[in-house]
Enquirer: 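If you scroll down you'll find the structure; I have some questions about it.
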Protein chains: 2
Amino acid sequence: MRITKQKKIIVSVLSKREDHPTATELYSEVKEIIPKISLGTVYRNLDILTKKGMIQVIDVAGKEKRYDPKKEKHYHFKCLSCGALEDIPVAIKPPEVDIHDAWFDGRVVEGFTLEMIGLCPICATKRGDSRDA
Amino acid sequence: MRITKQKKIIVSVLSKREDHPTATELYSEVKEIIPKISLGTVYRNLDILTKKGMIQVIDVAGKEKRYDPKKEKHYHFKCLSCGALEDIPVAIKPPEVDIHDAWFDGRVVEGFTLEMIGLCPICATKRGDSRDA
DNA sequence: TTATATGCAAAGTGTTTGCATAGCA
DNA sequence: TGCTATGCAAACACTTTGCATATAA
């Protein structure tokens with residue numbers, strides 16, 4: 001992997017954010033620094049950086065992917081109303097399942113994908129009646 | 001909601017399946033019964049039926065949506081190699097989290113999305129070396 | 001009868017890719 | 001120097017939508 005100006009700026013922009021931007025959001029911001037950068041390059045680099053373990057993708061069901069500068073595993077809270085995705089800073093005890101149950105024979109269990117859903121503070125105060133899911 | 005021939009056939013075809021077909025797969029099968037049906041109608045009806053709670057959508061991250069004739073909540077096992085999605089017939093103890101933690105103040109917690117991931121029996125016997133994620 | 005649902009095709013959205021050129025190592 | 005990465009635009013996969021017509025109630 002070549003360390004290009006594009007990669008450096010993408011990582012730097014992503015790392016400075018507290019939230020989890022989409023490729024397009026990142027693109028807009030990076031474009032202010034490298035005006036000629038293309039969306040394709042952003043996607044390509046995001047993909048490479050993810051595979052190298054330098055960032056994480058959050059594959060939000062039914063929505064655009066979002067990117068996370070953190071390398072450590074952690075869970076997210078997704079707002080059903082506005083789609084915001086936040087890191088959960090509280091400990092979660094993972095689900096328990098008896099993988100020795102006969103049904104699992106022949107299967108390789110790698111783990112779980114887990115996401116907490118609800119309403120973020122902003123949408124919750126709007127009484128949650130604007131929720132679209 | 002009008003009970004049209006299209007809706008009846010879609011539900012009937014979906015209910016007869018053991019797996020979780022995509023809209024396109026359902027479309028091909030329904031087309032054998034109603035040759036002139038359009039993909040748009042299939043998508044529209046799948047959406048309506050889901051909102052009515054008559055079927056469920058499984059919003060697979062990064063992949064096409066899949067549909068499930070079951071109405072009850074249950075979890076799925078997703079194969080990282082071939083993408084197959086199966087119902088897990090084994091009890092899973094949901095994750096535990098202290099929603100009284102200060103971080104949750106102002107948020108409305110509705111629950112979790114949870115998916116078990118790994119390799120299905122077929123891909124596991126291929127030694128898992130074809131896995132693409 | 002009449003408003004909702006359909007078929008068709010076009011448009012949308014998010015993401016990937018082919019290719020000639022630019023630029024890192 | 002040589003090969004990977006870039007910019008650009010076209011292609012993609014999946015899903016949604018506008019519109020005139022058909023049809024359930």
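We use all heavy atoms of the structure for the numbers below, so side chains are in, but hydrogens, waters and symmetry mates are not. Proteins get letters first, then strands, A, B, ... in listed order; numbering begins at 1 in each. None of these values were measured; they are calculated from a predicted model.
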Enquirer: Sub-3.5 Å donor-acceptor pair from the side chain of Asp98(B) to the main-chain atoms of His100(B), do we have one?
Expert: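 Checked: pair present.
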Enquirer: When you match Tyr67(B) and Thr4(B) each to their closest nucleotide on DNA chain D, which lands nearer the 5' end?
Expert: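 The answer here is Tyr67(B).
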Enquirer: Please check the phosphate of dG23(C) (OP1 and OP2 only) for any side-chain N or O of Gln6(A) closer than 4.0 Å.
Expert: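 Answer no for this pair, as no side-chain N or O of Gln6(A) is under 4.0 Å from OP1 or OP2.
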Enquirer: Under the side chain to side chain contact (heavy atoms under 4.5 Å, CB included) criterion, do Glu64(B) and Thr24(B) qualify, and how do the steps go?
Expert: CA-CA 9 Å; Glu64(B) 317 109 278; Thr24(B) 310; 5.8 Å; no
Enquirer: According to the interplanar angle, ranging from 0 to 90°, do the rings of His74(B) and His20(B) count as parallel (below 30°), tilted (30 to 60°) or perpendicular (above 60°)?
Expert: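 If you compare the ring of His74(B) with that of His20(B), the planes turn out tilted.
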Enquirer: Roughly, in whole Å, what's the span from CD1 in Ile48(B) to P in dT6(C)?
Expert: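 Taking CD1 of Ile48(B) and P of dT6(C), I get 7 Å after rounding.
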Enquirer: If you take all heavy atoms of Cys123(B) and Cys79(B), which pair is closest and at what distance?
Expert: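 Heavy-atom minimum between the residues: SG-SG, 3.7 Å.
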Enquirer: For Ile37(A) and Tyr27(A), work out which heavy atoms get closest and say how close.
Expert: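 Smallest heavy-atom distance, with atoms named: O-CE1, 3.4 Å.
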Enquirer: Starting at atom CD1 of Ile9(A), determine the distance to atom C1' of dG7(D), rounded to an integer number of angstrom.
Expert: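 Atom CD1 in Ile9(A) sits about 17 Å away from atom C1' in dG7(D).
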Enquirer: Distance check needed: dT6(D) C1' versus Ile33(A) CD1, whole Å only.
Expert: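 One finds 17 Å between C1' of dT6(D) and CD1 of Ile33(A), rounded.
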Enquirer: Give each protein N/O atom lying under 3.5 Å from an N/O atom of nucleotides 17-22 of chain D, with the pair distance.
Expert:
from: dG18(D); atom 1: O6; to: Arg44(B); atom 2: NH1; distance (Å): 3.4

Enquirer: Which whole-number value in Å describes the distance from Met1(B) CE to dA5(C) P?
Expert: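 Going from Met1(B) (CE) to dA5(C) (P), I get 9 Å.
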Enquirer: Identify whether any heavy atom of Leu39(B) sits under 4.0 Å from a base atom; if not, whether one sits that close to sugar-phosphate; answer base, sugar-phosphate or nothing.
Expert: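 Contact class for Leu39(B): base.
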Enquirer: Please report, rounded to the nearest Å, how far the P atom of dT16(C) is from the CG atom of Asp47(A).
Expert: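 The answer, rounded to whole Å, is 6 Å.
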Enquirer: Given atom NZ of Lys51(A) and atom P of dT4(D), what is their separation to the nearest angstrom?
Expert: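 Distance, rounded to whole Å: 16 Å.
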Enquirer: What is the distance, to the nearest angstrom, from the NZ atom on Lys63(A) to the P atom on dT16(D)?
Expert: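 Lys63(A) atom NZ is separated from dT16(D) atom P by 11 Å.
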Enquirer: To the nearest Å, how far apart are Tyr27(B) OH and dA9(C) P?
Expert: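 Whole-Å distance recorded here is 10 Å.
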Enquirer: What heavy-atom pair brings Thr22(B) and Glu25(B) nearest, and what distance separates the two atoms?
Expert: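 Shortest heavy-atom separation between Thr22(B) and Glu25(B) comes out as N-OE1, 3.0 Å.
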Enquirer: Just call it for Asn45(B): base, sugar-phosphate, or nothing, with non-hydrogen atoms closer than 4.0 Å on any strand.
Expert: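 Sugar-phosphate contact only.
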Enquirer: Would you mind telling me which residue lines up with the more 5' stretch of DNA chain C, Lys65(A) or Ser38(B), judged by nearest nucleotide?
Expert: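 This one resolves to Ser38(B).
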Enquirer: Picking from dT6(D), dT6(C), dG7(C), which would you name as closest to the side chain of Lys7(B)?
Expert: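 My answer, after comparing the listed nucleotides, is dT6(C).
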Enquirer: Using only side-chain N and O atoms of Lys36(A), determine if any of them is under 4.0 Å from OP1 or OP2 of dC8(D).
Expert: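 Result: yes.
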Enquirer: Any donor-acceptor pair under 3.5 Å linking the side chain of Glu86(B) with the backbone of Phe77(B)?
Expert: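 No: the side chain of Glu86(B) does not pair with the backbone of Phe77(B).
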